[in-house]
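Heads up: the structure comes next, in structure tokens.
Model, not experiment: these values are computed from the prediction. Each chain gets a letter, A, B and so on, in the order the sequences are listed, and its residues count up from 1.
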Amino acid sequence: MGIHQKSKSLVSRHSELSDTFYQLRVLNGQERTDADFPKFVDRIKAAGFHDGRLSPTRIDIFQLNVGKLCNQTCAHCHVDAGPDRKAENMTRETFELCLDVLARYDIPTVDITGGAPEMNPHFRWFVEECYKLGKHVIVRCNLTIIVAHKKYRDLPEFFAANGVEVVSSLPHYAALRTDSQRGDGVFDDSMEALKMLNAIGYGVTGTGLTLNLVYNPTGSFLPGNQASLESDFKSQLMRKQGVTFNNLFAITNMPISRFLDYLLETGQYENYMQSLIEAFNPGAVSSVMCRNTISVSYEGYLYDCDFNQMLDLKVAGPLTHIRDFDLQLLQNRDIVLNQHCYGCTAGAGSSCGGQVA
Amino acid sequence: MSKKHYFDPEDLKKFGNITDWQKSMGDKYFAWYSEVMKEGALTEREKSLIALAVAHAVQCPYCIDAYTATSFEKGADEAQMMEAVHVAAVIRAGSSLVFSTQMMNHAKDLTM
């Protein structure tokens, strides 16, 4: 089928927003807008979180962003990934440092994302090594990569052989909604990939092969109720496509990177931030994913989450690289907060595993 | 008159102010509203689509803006929203057309 790209990376467009420092200035009302939104830190302080500080519970999830290379250029991508991002890919040496850490510590889950992580040349070897270590491996697969080239068509079998939980973005069961965000042709290719996954048991009750889908709004609005969306997705995908899956994770779009660009270009930035702030839910704060996740960049730097990684807000403290990984120190760190954090605390909250409250 | 035009989109944000001059009735209305729009025998998405259809039938621009956004939030897509508007439109049209039976009855009475 093939995909007609929806967008170009900010980097290839030489956009000011490709500079993470510039993005932070926008979020703090110093560029492009003078909107003076209440500081996230003050908001959680008022909600009773000691001195506006947030600390980890324990690190259960080791999330790697293995690179920015992707076969898609989705209009909302917080990674600014795309086919042009060939230079940013995790090296074998950095993967080995990650494996050393995973072997050393009891961190049960390895969550691999990108870009399209399958395009990294060391991807399969790394998944197999994690599986040998007894880790639960999650791969954030964009679905279309499975049908993008014949060398990827056996990915479903590879995932199954390594007990991989597949988590895949599908913003809507309607082609127009999905393609408007992810590129023309993405919906049809995604359906083909989902059918291949279903055919070997992924998303089918009783097989133990987990296939979860990720819903995110395809515009400047917040996600609705996750359970209700899941029920609609299940009935509509079965009715129209004969496709099945396990759970739907509803994720809020963070106002960073290409989604921030979309908000600014369409004049919706202030309204979107206001809606996140009005929907601030103190009940979601204690369950945000940065409390049980550590995020590793393709260069091996450590972050509190994938969003902080994309804003280059490294973990607080002196040791910020995987080669210096110290679980004790990391578990006692303060999480780095900024205005985009409103995205994870709006409504029922948001994380890589969906709503949290 | 404070404005030279009707229907300012900014006024939608002031909807909550209807409690200002009649608090108990306004509060009861919002409590009822919130109860009605909760997930029940119908899903929130279905209720949003009904609201969007009614908004077109009563031709309320505020409601159309509000329930276009809410329908997307609750997971509807353009096709569902347009079908909902067609339901409203076809019932409105039918409510005129059905009166033609009276016209036909009367026409028959008047003619040979």
For atom CG of Asp109(B), decide whether the heavy atoms of other residues, nucleotides or ligands shown that lie under 6.0 angstrom number more than 12. yes
Give a yes or no on whether Lys28(B) atom NZ has more than 12 heavy-atom contacts from other residues, nucleotides or ligands under 6.0 Å away. no
Please report the closest heavy-atom contact between Leu222(A) and Glu73(B), naming both atoms and the distance. O-CG, 3.3 Å
Please classify the contact between Pro217(A) and chain B as side chain, backbone, both or neither, with a heavy-atom cut-off of under 4.5 Å. neither
Step through the shown structure and confirm whether more than 12 heavy atoms of other residues, nucleotides or ligands are within 6.0 Å of CG on Asn17(B). yes
If you tally heavy-atom pairs under 4.5 Å against chain A, which of Glu44(B), Lys74(B), Glu39(B), Arg45(B) wins? Arg45(B)
Could you state the interatomic distance from OG (Ser180(A)) to CD (Glu78(B)), rounded to the nearest 0.5 Å? 7.0 Å
Does atom NZ (Lys8(A)) have a neighbourhood of more than 12 heavy atoms from anything else shown, all under 6.0 Å? no
Closest approach of Gly75(B) to Leu229(A) (non-hydrogen atoms, all atoms of both residues): CA-CD2, 3.6 Å
Can you tell which of Asn225(A), Thr218(A), Leu176(A) has the highest number of heavy-atom pairs within less than 4.5 Å of chain B? Leu176(A)
Check this for me: Met238(A), atom CE, are more than 12 non-hydrogen atoms of other residues, nucleotides or ligands nearer than 6.0 Å? yes
What part of Phe233(A) is in contact with chain B, defined as an atom under 4.5 angstrom from a non-hydrogen atom: side chain, backbone, both or neither? neither
Mind listing the closest non-hydrogen atom pair of Phe72(B) and Tyr215(A) along with its distance? O-OH, 3.8 Å
Let me confirm one number: the CG-CZ distance from Asp77(B) to Arg177(A), rounded to the nearest 0.5 Å. 7.5 Å
